[in-house]
Amino acid sequence: MENNDKIEKISSYIDSELSSEERKELESMLREDVQLQEDLEAFRRIDALYRSLEKKRAPSEFQQIVRKKLERSPRAIRFRRPGLKQKPVWHLVAAAACLVLVLAATLYQLSLFTRNTSRFTVSLNRDTAPQASPSAAAKTLSANQESDKPRLEKSDTSVSSSENAVLEPFESQPATTGDKTLNTIPPVRERFESYPETSAPPAPMEPEMAPPQSGTMASTSPVPSTMASEMAPPQSDTTASEILARKRASFRSAAKDEALSSGRLGSEEGWAEKTLPWKSGSKVQAEESNKEIVRHLEGRDFIFQENEWRERGYSGEETLSLSRDAKETSQFFSQHAPLAPILQWKEPVVFRTDSRWYRLK
Amino acid sequence: MLRNEWHEVSDERLVELSQQGSLSAFEELVRRYKDKIFNTVFRIIGRMEDAHEVALDVFVKAYHHLETFRGDARIYTWLYRIAINLAKNRLRDGARMGRNLGVSLESIKEDPSTLVSTGHHATNLPRAQAEVRELEEMLQTCLNELPDELKTVFVLKVFEDLSYEEISQIMNCPLGTVKSRLNQARSLLRRRLTELSVL
């Protein structure tokens, strides 16, 4: 065994991290090797010196400072569908796929448009022209149109007129010229509406089950909101985004129904709150059977449940709310002095007195 | 007087309740581990004021990232990991800003009384106490001069008495690396302390 190996073994020896065989082997070497004994002694003294140093303790106000800091910046509790693990890579893949889809759709639109505009006999009726500003692609095309001026009915048309002209094919209304070539490609709105209403919703990336008030919901919904708007044809046509929004809503509704019917959620009101982000439904049930955390006061037991203290016996009855800061609450507790210590508790407290249930918030 | 009902609750349960939003449950975790975290951070950084700030940040950061804690390891190993990363960042920032994190060993070698004169506690203490303080500061200074990785392993082993397995989890390195770093740390400290006639 080399010297470095021996010293490393000594280090492990004083930390009791050697196997019994290694320990025996080293002990036999120690009996014969004086240098090794000195090394062992030196290491032991170093450890003893450092262990003798005073253990620094956090200042007495440390815990209060932590609490104040946490209260100033409360943690956002995120909700997601139980049973589904978060897969960040999958999110990226899905986002990339959406992007490709959007690009493909845009290119397809452009190619159709380019192919058809050359065959259009464009009407330059200013009264029926859309008011929206042209897209970049439309601007490019309008420049091309400039070179076709002899084909236009009004050769002295200004640039804005030609811009209006090239926007016409995007309009959902059929062209008024009666040119058959206009009818060979259905209007964009029709193509989006041809997406069957009853078909299955698009595969979700990581469907969020939280209601809209959840902060993370908007950014991680199955179909990104930007996708819906990008898929819609420029300016006027909002039908595609409406369809996508409807499908998103129906998917969420189905997921919620499924959760309610499977018994994971007790009631519709609490469906999001009871859907914990990091646990499956079965695990939640298992945890609920864990040992109770009980606080005793004046012969009453208060059990810590759903982030509030509930007096034993409470089973969801209607409660009268009391606010800690309210004057009436002070009066109430002056009449019920034995219960006054609960005013100091940090969480809401549900308790019973005078045959009524109260919730102190 | 109310008994603290959180005392008997396991770490795992406290983590679950904290993840569900209970600040009281998280406070109990703070109560349990604040001293360990504080001592570890202090031994790595070597300055009380910085240690205080970093230890606070450890718990604030832990609370805000609690949902990422999957329960594969014990909560304290996770807290130690955060503490060590934040302590390293503080050391790196201090070095970048040219802050002196203590008295250098060279100055101690030249004039051991430097420690007594610079230590704010030591000036008016009786001689025996002053000597103890001097030794403490010398040991801490030797520790400060170790490379960060070696110092961290040594602190976790000697001050916190963690196993090699736990240290490898905290530092995210193989067990063999822990052994090797610990051996290097002890060897370097031995050389330094021998030079200073402490050993």
Side-chain angles (χ1 to χ4, degrees), chain A residues 4 7-12 14-17 39 41-43 45-59 62-63 65-67 69-78 276-279 283-284 287 290-297 302 304 306-308 341 344-347, chain B residues 2-3 5-6 8-10 13 16-17 19-27 30-31 34-39 42-43 48 51-52 55-56 59-60 63-67 69-71 135-136 139-140 143 154-155 157-159 161 163-164 179-180 182-183 185-187 189-190 193-194 198-199:
Chain A
N4 276 350
I7 294 179
E8 197 168 306
K9 288 268 191 238
I10 285 176
S11 204
S12 301
I14 59 175
D15 292 331
S16 308
E17 293 270 357
D39 294 339
E41 189 54 31
F43 278 11
R45 282 173 63 196
I46 290 169
D47 278 18
L49 272 172
Y50 278 99
R51 285 198 169 114
S52 71
L53 290 180
E54 178 197 5
K55 292 239 168 165
K56 300 291 179 190
R57 297 172 68 89
F62 187 87
Q63 213 159 335
I65 299 172
V66 172
R67 184 172 185 100
K69 279 182 172 252
L70 297 182
E71 282 172 345
R72 271 202 297 259
S73 58
R75 184 164 56 95
I77 301 173
R78 297 188 182 117
L276 303 177
W278 47 85
K279 305 173 187 83
K283 197 175 174 194
V284 173
E287 282 157 7
N290 277 1
K291 192 180 166 187
E292 287 175 339
I293 300 167
V294 186
R295 188 173 268 185
H296 306 283
L297 179 68
F302 292 86
F304 192 73
E306 296 181 25
N307 213 13
E308 65 181 10
Q344 308 303 321
W345 298 3
K346 290 158 189 165
E347 292 84 5
Chain B
L2 276 175
R3 182 175 57 89
E5 61 287 333
W6 297 106
E8 293 167 13
V9 181
S10 68
R13 183 87 175 113
E16 283 162 13
L17 291 169
Q19 285 175 329
Q20 290 167 28
S22 168
L23 199 52
S24 296
F26 188 75
E27 272 195 307
V30 176
R31 193 195 62 77
K34 64 182 166 53
D35 290 333
K36 284 175 173 292
I37 294 296
F38 187 83
N39 189 48
F42 171 74
R43 292 298 169 198
M48 199 59 108
H52 187 228
L56 283 172
F59 288 103
V60 172
Y63 186 72
H64 286 294
H65 293 82
L66 210 50
E67 67 193 55
F69 177 71
R70 297 185 304 255
L135 178 64
E136 277 187 9
L139 290 172
Q140 182 63 46
L143 200 56
F154 184 80
V155 167
K157 181 66 222 173
V158 175
F159 289 96
D161 206 20
S163 69
Y164 285 8
K179 285 182 190 176
S180 158
L182 200 48
N183 179 46
R186 283 177 171 137
S187 299
L189 285 173
R190 181 186 180 186
L193 293 172
T194 307
V198 177
L199 280 184

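Naming convention: chains lettered A, B, ... in sequence-line order (proteins, then strands); numbering from 1 in each chain.
- No side-chain heavy atom of Leu189(B) sits under 4.5 Å from any side-chain heavy atom of Leu49(A).
- The heavy-atom pair separating Leu53(A) from Glu136(B) by the smallest distance is CD2-CG, 3.2 Å.
- Highest contact tally toward chain A, considering only Val155(B), Leu56(B), Val30(B), is held by Leu56(B) [criterion: heavy-atom pairs under 4.5 Å].
- Using a 4.5 Å cut-off between heavy atoms, Thr194(B) makes no contact with chain A at all.
- Across all their heavy atoms, Ser187(B) and Phe43(A) have their closest contact at OG-CZ, 3.7 Å.
- To the nearest 0.5 angstrom, His64(B) atom NE2 is 5.5 Å from Leu70(A) atom CG.
- Salt bridge status for Asp39(A) with Arg190(B): present, with a side-chain N to carboxylate O gap under 4.0 Å.
- The CD1 atom of Ile293(A) sits 7.5 Å away from atom OG of Ser22(B), with the distance rounded to the nearest 0.5 Å.
- No side-chain donor-acceptor contact under 3.5 Å links Glu17(A) to the backbone of Ser163(B).
- Atoms CD1 and CG, on Ile14(A) and Leu182(B) in that order, are 7.5 Å from each other to the nearest 0.5 Å.
- Residues Val66(A) and Lys34(B) have side chains not in contact (no heavy-atom distance under 4.5 Å, counting atoms from C-beta outward).
- When side chains are defined from C-beta on, Leu23(B) does not count as touching Lys346(A), because their heavy atoms never get closer than 4.5 Å.
- Within 6.0 Å of CZ on Arg51(A) lie more than 12 heavy atoms contributed by other residues, nucleotides or ligands.
- A donor-acceptor pair under 3.5 Å is formed between the side chain of Lys55(A) and the backbone N or O of Phe159(B).
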Stepwise side-chain contact (heavy atoms from CB on, under 4.5 Å) check, Arg45(A) with Leu193(B): CA-CA 11 Å; Arg45(A) 282 173 63 196; Leu193(B) 293 172; over 6 Å; no
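- For the set Ile7(A), Asp15(A), Ile10(A), the count of heavy-atom pairs under 4.5 angstrom toward chain B peaks at Asp15(A).
- A heavy-atom distance below 4.5 Å is not found between the side chains of Ser11(A) and Lys179(B).
- The parts of Leu199(B) that come within reach of chain A are both its backbone and its side chain, each placing non-hydrogen atoms under 4.5 angstrom from that chain.
- Between Ser12(A) and Tyr164(B), the shortest heavy-atom distance links the atoms CA-OH, 3.4 Å.
- Taking 4.5 Å as the limit, some side-chain heavy atom of Phe154(B) sits within range of a side-chain heavy atom of Ile46(A).
- For Ser180(B), the parts lying near chain A are the backbone and the side chain together; criterion is any non-hydrogen pair under 4.5 Å.
- Between Arg295(A) and Glu5(B), at least one side-chain nitrogen of the basic residue sits less than 4.0 Å from a carboxylate oxygen of the acidic one, meeting the salt-bridge criterion.
- Going from atom OH of Tyr50(A) over to atom CG of Leu143(B) covers 5.0 Å, rounded to the nearest 0.5 Å.
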Worked check of side-chain contact (heavy atoms from CB on, under 4.5 Å) between Ser24(B) and Trp345(A): CA-CA 10 Å; Ser24(B) 296; Trp345(A) 298 3; over 6 Å; no
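- With values rounded to the nearest 0.5 angstrom, Phe42(B) atom CZ is found 4.5 Å from Lys56(A) atom NZ.
- Residue Val9(B) touches chain A through its side chain alone, counting heavy-atom pairs closer than 4.5 Å.
- Only the side chain of Glu347(A) comes within contact range of chain B, with heavy atoms under 4.5 Å apart.
- The candidate from Glu308(A), Arg67(A), Glu71(A) with the greatest count of non-hydrogen atom pairs under 4.5 Å with chain B is Arg67(A).
- At a 4.5 Å heavy-atom cutoff, the contact between Asn307(A) and chain B is made by side-chain atoms alone.
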